[in-house]
Structure formats: structure tokens, C-alpha cells
Amino acid sequence: MKPEMPSSLASQRLTSVRRRIRDAARQAGRDPEAIRLLAVSKTKPMADIQSLAEAGQQDFGENYLQEALDKMEGLAETEPPLCWHFIGPIQSNKTRPIATHFDWVHSVDRFKIARRLSEQRPDHLPPLALCLQVNISEESQKAGVAPDQAAELADAVAELPKVQLRGLMCLPAPEEEERAQRQPFRKLAALMADLNAGGHSLDTLSMGMSADLEAAVLEGSTLIRVGTALFGSRD
Ligand SMILES: *Cc1c(COP(=O)(O)O)cnc(C)c1O
């Protein structure tokens with residue numbers, strides 16, 4: 001087993017990722033405070049999440065339901081409480097625990113899933129924050145609603161009572177060059193602007209990861225999902 005991440009390393013990595021976000025925001029003439037950092041903790045042990053939480057990180061993202069539920073239970077007493085985001089593929093028979101235990105879901109790409117999340121969101125909780133995952137580069141075999149069907153899905157999801165449509169998410173194919181990385185992010189930002197011009201009030205662009213967060217910030221990302229740069233590489 002790999003040794004756990006010591007607290008000093010957790011704070012170093014957090015500082016370094018925050019600096020990257022700040023530098024890119026500065027280059028874009030944006031306020032770095034307007035960019036939320038989501039730490040993607042899939043496959044990483046609870047102790048590593050705890051180290052990052054102690055260093056001041058509050059938002060954590062998970063891809064696999066059972067793994068996430070186990071970690072949430074173990075970390076339930078953390079103060080201040082952690083904010084949990086589901087970012088993985090969603091099977092319709094798994095919506096109830098997602099609706100019950102998470103604060104955000106970034107990977108909604110069809111109405112049936114959104115409707116079930118709304119129906120199953122417990123009454124005592126605030127509406128579940130949602131992003132629609134968009135297959136922005138229109139790759140075959142890739143999750144996400146097609147860009148030209150996003151408006152119809154957004155209109156339908158916005159009517160649901162126990163979810164709040166907050167924005168759009170994308171996971172583009174990896175590119176080396178910043179210029180190429182920026183293209184899909186620019187398209188996603190334009191799509192959100194179109195939806196807002198059509199009457200929505202979306203405020204979240206969930207885009208950018210360890211390798212392309214600068215490109216995402218330059219194109220207007222408000223929420224960066226970072227795994228490797230905070231937790232080290234995954235096996
Ligand atoms: C794993 C994952 C990330 C983080 O990726 P890194 O390259 O490790 O930063 C972000 N978003 C989603 C949807 C992921 O599955």
C-alpha cells in the first residue's frame with residue numbers, strides 16, 4: 001500500500017494548485033475568488049481527504065458511489081462539514097443515495113436521471129445543485145448531452161422542484177497544447193451564455209482538471225476539478 005499523504009505535502013499541493021488558479025485568473029483579468037476548487041478524491045484514502053481538509057479544502061468530488069458513501073460516513077464529523085460532489089457516470093438505480101448524500105451532481109446528461117434525483121431528494125435538504133454534462137467535442141461513445149440538445153434538457157430540468165440547475169460540465173479529450181485545450185472550454189462557455197440569454201440563470205462552468213486548468217480559467221471556468229495535482233497519481 002502507498003503511504004498516506006502527509007499534511008505538509010497536502011498543504012504544499014493545495015498552495016501550488018491555488019497559485020496556478022490565481023496566476024491564470026490574473027492573466028485573464030478575473031477574480032481568483034470566483035473560481036471554486038473541487039478536490040477529486042476518487043481511489044484515494046480517507047486520511048488523504050482529511051489532510052487536505054485540515055489544510056483548508058472543503059469541496060470534494062467522487063466518481064464511484066459506494067466508495068464515496070464509505071468516505072462520507074467516515075468523515076461525517078469533519079468541521080467545517082465537507083461539501084460532496086458526484087462527478088461520475090450515474091445509473092438510474094443509484095439515484096436515491098446520490099440524492100440523499102451529495103450536495104452537487106455534475107454528471108447529469110439525461111432527463112430521467114434529473115427527475116429521479118428531484119423526486120428522491122429528501123424534503124429537509126435544500127435542492128440538489130446540478131450541472132449538465134455536455135459532450136462538447138461530440139466524441140462518439142462519450143457521456144454527456146449533445147450540445148444541440150442541451151437547451152431542451154436545461155428547460156426540462158429547470159422545472160424540477162428539488163434540484164437547482166447551476167450550470168454545465170465538460171470532460172474534453174486530453175490535448176497537449178493550451179490553444180487546443182481552450183477550444184472545447186470556449187464552446188462550453190458560449191453554450192452557457194446562450195442558455196442564459198434564453199432565460200436561464202446559470203452561474204457554474206465546471207471545467208478544467210490538473211493538466212488543463214489554466215486553459216479552463218482563461219475561458220471562464222468557475223469550478224475546477226483537480227485530482228492528480230492534489231492527491232498524486234492514481235494507480
Ligand atoms: C478524475 C476526474 C477529474 C480529475 O482529473 P485529474 O486529471 O486527476 O485532475 C476531474 N473530473 C472528472 C469527471 C474526473 O473523473
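Just follow the structure's listing: the first ligand is 1, and inside any ligand the first atom is 1.
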J.: I'd like to know if Arg20 and Glu214 make a salt bridge, using a cut-off of under 4.0 Å between side-chain N and carboxylate O.
T.: yes
J.: Could you list the residues that satisfy side chain to side chain contact (heavy atoms under 4.5 Å, CB included) with Glu139, not counting sequence neighbours?
T.: Asn135, Ser137, Lys142, Ala173
J.: For Ser92 and Arg116, which I'm curious about, is there any donor-acceptor pair between the side chains at under 3.5 Å?
T.: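 There is no such pair between these side chains.
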J.: Would you say the side chains of Gln120 and Thr95 form a donor-acceptor pair under 3.5 Å?
T.: yes
J.: Does any donor atom in the side chain of Glu62 or Ser41 lie under 3.5 Å from an acceptor atom in the other side chain?
T.: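 The criterion, which ignores hydrogens and geometry beyond distance, is satisfied for Ser41 and Glu62.
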J.: Strictly below 4.0 Å, N to O, side chains only: are Arg182 and Glu219 in salt-bridge contact?
T.: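 Judged by the 4.0 Å cut-off on N to carboxylate O distance, Arg182 and Glu219 do form a salt bridge.
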J.: Might you list the protein residues in contact with ligand 1, defined as having a heavy atom under 4.0 Å from one of its atoms, sorted by chain and number?
T.: Val40, Lys42, Asn63, Ile87, Leu171, Met209, Ser210, Arg225, Val226, Gly227, Thr228, Arg234
